[in-house]
There are 2 protein chains.
Amino acid sequence: MRRDSRLSGVLHVLLHMANHAGPVTSETLAKAMSTNPVVIRRVMAGLRDQGYVRAEKGHGGGWTLACEPAALTLLDVYTALGEPTLLALGNRTESPGCVVEQAVNAALGRSFAQAEALLRASFADVTLAALAADVRRRTRRAGGKPGMAHA
Amino acid sequence: MRRDSRLSGVLHVLLHMANHAGPVTSETLAKAMSTNPVVIRRVMAGLRDQGYVRAEKGHGGGWTLACEPAALTLLDVYTALGEPTLLALGNRTESPGCVVEQAVNAALGRSFAQAEALLRASFADVTLAALAADVRRRTRRAGGKPGMAHA
DNA sequence: GTTCATGCAATATATGATGTTACATGAACG
DNA sequence: CGTTCATGTAACATCATATATTGCATGAAC
């Protein structure tokens, strides 16, 4: 099944913004992600509505981080994205009349709920600041420069 | 994202077979699942190749369970299906040149690996016999008959 | 008022699960 | 035998959704 990479993409964008002083335009971010500026605006809309980032128009405009990186968790970002489906597996139908269906749904549902809870807990444990620190560590190790070293 | 319901569907089919003495045809199973016989054969192919079920042609043919329900776990079934993707989220690209990408992939990868491991462990803990027992319990509680009480 | 940037709707594309048709193979029954 | 029933499989249609793209409106800075 096709996998949703919006969370990954948004984190990538946020880290670039954290590494950058002034506002960054959708176009710049899009080039760094080799995608389209509209896609950037689309996935950032939720974060903007939550107040995590700010978008300004006109000359010198672009995206700015509007919160403490240490206070923003992956769970916040995931929630701002609209909490897209986490699991690729699901129950066939919700036909409450069939006891077989009920038993299958109950068993799978327990497993699915556990996995979702674990994922959310994992997300809540990681802050943007921690990710940024990891980026700095990797940059030092590679001896490169911090900016957007994209192909 | 659209969710893969093949595991749910196959379990449904296996439970119907466990409740039924003789062979069951794809057509009968398809009606019970309100789908197409070809879909049944497709998702059952892996289980047949693993020897978990048997398929016989001609008059009186159909599908038969070929293993102990207590020995068949959901993990076995999942594996026989070809281990379809468990998580709906994924990493954007595998561009090893970008340290930001590496950091994001590492963080998300840890969460994803944990969740997948938990799911597999959950699956390994449930046997077809346990599911069948749950079906019987639910049937008793509802006062209905065990067969394929589908709409 | 021209340029730059976001906001957003509308549309196109790609992928993968699901549904369907068609035909071949082989077993059981007359 | 041949007929019927069932699976096996390829080929194609359908549908949902993430992703890509175009177009135009809005508003800020020069």
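Only heavy atoms go into these numbers, but all of them, side chains included; no hydrogens, no water, no symmetry mates. Here is the naming used below: chain letters follow the sequence lines, and residue numbers restart at 1 for every chain.
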My understanding is that only residues two or more places apart in sequence, or in another chain, count here; which of them pass ring pair (Phe, Tyr, Trp, His ring centres under 6.0 Å) with B:Phe112?
none
Show every donor-acceptor pair shorter than 3.5 Å between a side-chain atom in residues 37-53 of chain A and any protein atom, with sequence neighbours excluded, or say none if there are none.
residue	atom	partner	partner atom	Å
A:Arg41	NE	A:Ser26	OG	3.4

Counted 5' to 3', the first and last nucleotides of DNA chain C within 4.0 Å (strictly under) of a heavy-atom of chain B are C:dG16 to C:dA28
For B:Leu118, the other hydrophobic cluster members (4.5 Å side-chain criterion, sorted by chain and number) are A:Leu118
Quick one, give me the B/S/- string for nucleotides 12-19 of chain D, reading 5' to 3', where B means a protein heavy atom under 4.0 Å from the base and S means that only happens at the primed atoms, P, OP1 or OP2.
---BSSBS
Please list, chain by chain and in numerical order, all residues satisfying side chain to side chain donor-acceptor pair (under 3.5 Å) with A:Arg137, sequence neighbours excluded.
A:Asp134
If the condition is side chain to side chain donor-acceptor pair (under 3.5 Å), which residues does A:Thr127 pass it with, not counting sequence neighbours?
none
Value in whole Å for how far the P atom of D:dT21 lies from CD1 of A:Ile40:
12 Å
Any side-chain N or O of B:Arg41 less than 4.0 Å from the OP1 or OP2 oxygen of D:dG8?
no
A:Glu116: what forms a side chain to side chain donor-acceptor pair (under 3.5 Å) with it, not counting sequence neighbours?
none
On DNA chain D, does the nearest nucleotide to B:Gly62 precede the nearest nucleotide to A:Asn36 from the 5' side, or the other way round? Give the residue.
B:Gly62
Which residues share a ring pair (Phe, Tyr, Trp, His ring centres under 6.0 Å) with B:Tyr78, sequence neighbours left out:
B:Phe123
Contacts of type side chain to side chain donor-acceptor pair (under 3.5 Å), residue A:Asp76, not counting sequence neighbours:
A:Thr73
Is the distance between the ring centroids of A:His20 and A:His16 less than 6.0 Å?
no
Partner nucleotide, any strand, of D:dG8 [Watson-Crick/G-U, under 3.5 Å]
C:dC23
Heavy-atom contacts under 4.0 Å between residues 50-59 of chain B and DNA chain D, which residues?
B:Ala55, B:Glu56, B:Lys57, B:Gly58, B:His59
Please list all pairs passing the ring-ring contact (aromatic ring centres under 6.0 Å, His included) test where one or both residues lie in residues 21-50 of chain B, with sequence neighbours left out.
none
